[in-house]
Visitor: 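Starting off with a structure, shown below.
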Amino acid sequence: MATLPIVQYEEKIIETVENNSITVIIGETGSGKSTQLSQMLHRRGYSKIAVTQPRRVAAVSVSRRVAQELGVQLGEEVGYAIRFEDRTSRNTRIKYLTDGVLLRESLADPELNDYSVIILDEAHERSLNTDILMGLMKRLVKIRSSNLKVLITSATLDGDKVSKFFRDCPVLNIPGKLYPVEVLYSKERPVNYLDAALKTALDIHIRQPEGDILIFMTGQDDIEKLVMKMEEKVRALDEGSCMDAIIFPLHGSLPPELQVRVFSPPPPNCRRIIVATNIAETSLTVDGVVYVIDSGYVKQRQYNPSSRMYSLDVVQISKVQANQRAGRAGRTRPGKCYRLYPSQIYHDEFLDVTVPEIQRSSLAGSVLYLKSLDLPDIDILKFDFLDSPSPESLRDALKQLYLIDAIDENGSITSVGRKMAELPLEPSLSRTLMEANNHGCITEALTVAAMLSSETALLPGQSKTEKKRKRPISNLPDGSGLGDHIQLLQIFERWHQTDYDIGWCKDHGLQVRGMSFARDVRKQLSQIMQKIAKEPLGIRTNGKGEEIRRDYRNLRKALCVGYANQLAERKMHHNGYRTLGFQGQVVQE
DNA sequence: GAGCACTGC
């Protein structure tokens, strides 16, 4: 293995960490920070090191690598912990975990006394959880100044800003191992991005030397259209005029077996063209890419606290994102990035950095979490975030929590709020569980909460053309007019009665991934509820493969209590509804 | 007419 750039910096890193509570390490892709930092500190004798990752796959794969490099069994000295899976033991000294898991651990032990070093890796991605952890670390190093070291590591994070946030802590820069990428801009913005991408890709394919092409588009729809058009065009090329091309779509709702196709090597003398969402920006790394085509757009979910609604919008990417995309062309050798927009737009219109998730999300869950930590000076409105959410967004969160009894009129967490915080659910759903537990329907509520957590279970995974051939959802329970929640409940119960048969999901057009996830969530929720449950939590069936005839009134009431912040009542003599609460708005079905 | 980017407890 070639020496990683970071290795030469070991002495400097150790010295800095010894002399400071917090160190920021800027290391580009390929610097080796994710695998090497923990080992350096381990060699230096730090007793237990936690390394957070924003993604589960990263926690698993990086820990596997480190275990291998140290020649130990995974789960012994080196291990990982992600939701539903803990591969650590009493011997574990280096522990990779998702940032969400570390937040859960900190609920049980706010001082995280188990660890002598905490490394927040990939902090530049600014995930909601990483941002909260950064705020917590700032406090924690004061409390544990004698025995805790914190490292914030990142690729392109603005080092000065983070350093300032952590009271001018030192910043170390470690070079990466990316090859140069030549950036080419369009003269003007294309009217149609699909056609522009198509034309650019064909141009590269015909004129440029070998090397795979990666195209960034916004969503499944665009990707499928582009793949189809591209296939047509490639087929129409003269035989032997250039090498073959094989085209892959790549997005999150693609079944895993189709996703992994991009990881197998291409046939000889064949160029691969991968049309992807921003899943290929960070989550999946495709080897062999030499050309990147960047549409300059991304679909981004954002929360609007005044309407209390999320929207999914196509927005312009940030400069950081554009550069991350370009970098995908330079992983194995020098590459080229074709930006389908003029450089002036890049410079004048693109934001420098992506708006952090914490400024795009509902904060009800995070605020409840922070409240439950009982921090001494608890004014959430003044919590020290690297980038503060808007006051409006924080006030919205507090109001929502108040409406579902999680906090009282003084803003203090209630006893029910404390129990809610234990559950890995959005507050409305945990409140529903609490209510259901008092009204004899906790087992049903658990199922509904699990199904809602998975969101995607009911969605057909196949593409539009395929959908026409198969009937999407046949003879599944429909909730019989009682609404989506009851339908979700009945579907899960039916699946339970097949003994969780995967074939049954496929036959009924349900996403196996989503259904299995719901099953895991239900199990986890049951374990947490076990302590306070007033009834058995197992699923009720009559053993005949049919729904039990029963009354869903209590369950529906519990849902109304949980969603007290989002109720509307039917307008008499009119179509439509009026939202409850101050300033009701008319909404249509 | 027809939805749904990506993560995570």
Side-chain angles (χ1 to χ4, degrees), chain A residues 52-60 81-86 97-108 122 125-133 216-225 249-254 259 275-284 295 297-302 310-317 321 324-325 354-358 360-362 364-366 368-370 372 420-427 429-430 449-450 453-468 472-473 484 511 513-514 517 520-525 527-528:
Chain A
T52 69
Q53 294 290 327
R55 277 173 296 281
R56 300 161 53 105
V57 276
V60 176
I82 58 180
R83 189 178 188 180
F84 310 133
E85 201 184 348
D86 185 348
L97 69 179
T98 45
D99 42 23
V101 169
L102 188 62
L103 278 177
R104 286 285 142 197
E105 289 187 358
S106 123
L107 208 51
E122 314 290 1
E125 291 190 22
R126 303 296 307 275
S127 79
L128 182 58
N129 289 337
T130 306
D131 269 21
I132 292 172
L133 280 170
F216 284 101
M217 299 298 286
T218 57
Q220 179 174 359
D221 220 43
D222 280 1
I223 288 171
E224 280 169 9
K225 276 188 209 145
L250 184 61
H251 52 81
S253 42
L254 214 59
Q259 267 186 28
V275 189
T277 59
N278 56 335
I279 195 171
E281 219 174 83
T282 46
S283 306
L284 298 180
S295 67
Y297 288 104
V298 67
K299 265 190 201 163
Q300 209 171 58
R301 201 166 89 122
Q302 28 221 358
Y310 276 98
S311 60
L312 190 65
D313 310 312
V314 174
V315 299
Q316 233 158 212
I317 57 173
Q321 248 177 318
Q324 171 73 22
R325 288 180 176 188
T354 313
V355 178
E357 201 184 350
I358 200 165
R360 293 186 281 116
S361 313
S362 164
S366 304
L368 179 61
Y369 169 83
L370 289 172
S372 75
M420 285 163 59
E422 297 271 323
L423 291 160
L425 289 173
E426 54 165 281
L429 278 176
S430 29
S453 296
S454 114
E455 276 179 4
T456 56
L458 269 195
L459 300 174
Q462 64 274 70
S463 70
K464 280 186 177 170
T465 41
E466 274 176 288
K467 254 191 282 183
K468 280 202 175 132
I473 297 172
D484 294 356
Q511 280 204 3
R513 244 185 310 177
F517 180 74
D520 288 339
V521 172
R522 194 186 187 287
K523 190 172 152 206
Q524 187 189 27
L525 296 177
Q527 281 164 359
I528 298 169

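Treat the numbers as computed from the prediction; the structure is a model and nothing was measured. Below, chain A is the first sequence line, B the second, and so on; all start at residue 1.
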Visitor: Select one nucleotide: of B:dA5, B:dC9, B:dT7, the one nearest the side-chain heavy atoms of A:Q220.
Guide: B:dA5
Visitor: Using a distance-only test with no angle check, is there a side-chain donor-acceptor pair under 3.5 angstrom linking A:N129 and A:S127?
Guide: no
Visitor: Rounded to the nearest Å, what distance is computed from the CZ atom of residue A:R325 to the P atom of nucleotide B:dA5?
Guide: 14 Å
Visitor: Between A:T218 and A:E426, which residue's closest nucleotide on DNA chain B lies nearer the 5′ terminus?
Guide: A:T218
Visitor: Would you mind telling me which of B:dT7, B:dC9, B:dA5 lies closest to the side-chain atoms of A:I82?
Guide: B:dC9
Visitor: For A:Q302 and B:dT7, what is the distance between atoms CD and C1' respectively, to the nearest whole Å?
Guide: 16 Å
Visitor: Whole Å only: how far is the OH atom of A:Y310 from the P atom of B:dG8?
Guide: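 Taking atom P of B:dG8 as the reference, OH of A:Y310 is at 16 Å.
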Visitor: Classify the nucleic acid contact of A:R104 as base, sugar-phosphate or nothing, counting any heavy atom under 4.0 Å across all strands shown.
Guide: base
Visitor: Let's see if you can work this out: which of B:dC9, B:dC4, B:dC6 has an atom nearest to the side-chain heavy atoms of A:P424?
Guide: B:dC9
Visitor: Among side-chain atoms of A:E125 and A:T282, is any donor-acceptor pair under 3.5 angstrom?
Guide: no
Visitor: With the side chain of A:R83 defined as its heavy atoms from C-beta on, choose the nearest nucleotide among B:dC9, B:dG8, B:dC6.
Guide: B:dC9
Visitor: What does A:T98 touch in the nucleic acid at a heavy-atom separation under 4.0 angstrom: a base, only the sugar-phosphate, or nothing?
Guide: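 Sugar-phosphate, no base atom in range.
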Visitor: For B:dG8, take OP1 and OP2 only and decide whether either is under 4.0 Å from a side-chain N or O of A:S127.
Guide: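 So the side chain of A:S127 is outside the cut-off, no N or O lying under 4.0 Å from OP1 or OP2 of B:dG8.
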Visitor: Go through the structure and list residues passing salt bridge (Lys or Arg N to Asp or Glu O under 4.0 Å) with A:K523, not counting sequence neighbours.
Guide: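 Counting only residues at least two positions away or on another chain, A:K523 forms no salt bridge (Lys or Arg N to Asp or Glu O under 4.0 Å).
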Visitor: Check whether any side-chain nitrogen or oxygen of A:R56 sits under 4.0 Å from OP1 or OP2 of B:dC9, and answer yes or no.
Guide: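 Yes, such a contact exists.
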Visitor: What contact category does A:L103 fall into here, base, sugar-phosphate, or nothing, at under 4.0 angstrom with non-hydrogen atoms?
Guide: nothing
Visitor: Figure out the CD/P separation between A:E105 and B:dG8, and round it to whole Å.
Guide: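 My rounded result for the distance is 17 Å.
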Visitor: Partners of A:Y369 by ring-ring contact (aromatic ring centres under 6.0 Å, His included), sequence neighbours excluded?
Guide: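 Applying ring-ring contact (aromatic ring centres under 6.0 Å, His included) to A:Y369 gives none.
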Visitor: Round to the nearest Å and state the distance from A:R55 atom CZ to B:dT7 atom P.
Guide: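 Going from A:R55 (CZ) to B:dT7 (P), I get 8 Å.
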Visitor: Go nucleotide by nucleotide along DNA chain B from the 5' end; which of A:T277 and A:V101 gets its closest nucleotide reached first?
Guide: A:T277
Visitor: To the nearest Å, how far apart are A:M420 CE and B:dC9 P?
Guide: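 After rounding, the reported distance stands at 20 Å.
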Visitor: Specify the separation, in whole Å, of atom CD1 of A:I132 and atom C1' of B:dC9.
Guide: 11 Å
Visitor: Please work out if A:V298 contacts a base, only the sugar-phosphate, or nothing of the nucleic acid, heavy-atom cut-off 4.0 Å.
Guide: nothing
Visitor: Could you check how far CG of A:D131 sits from P of B:dT7, rounded to whole Å?
Guide: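 For the pair A:D131 CG and B:dT7 P, the rounded distance is 19 Å.
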Visitor: To the nearest 0.5 angstrom, please state how far the CZ atom of A:R301 sits from the CZ atom of A:R360.
Guide: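 So the gap between those two atoms works out to 9.5 Å.
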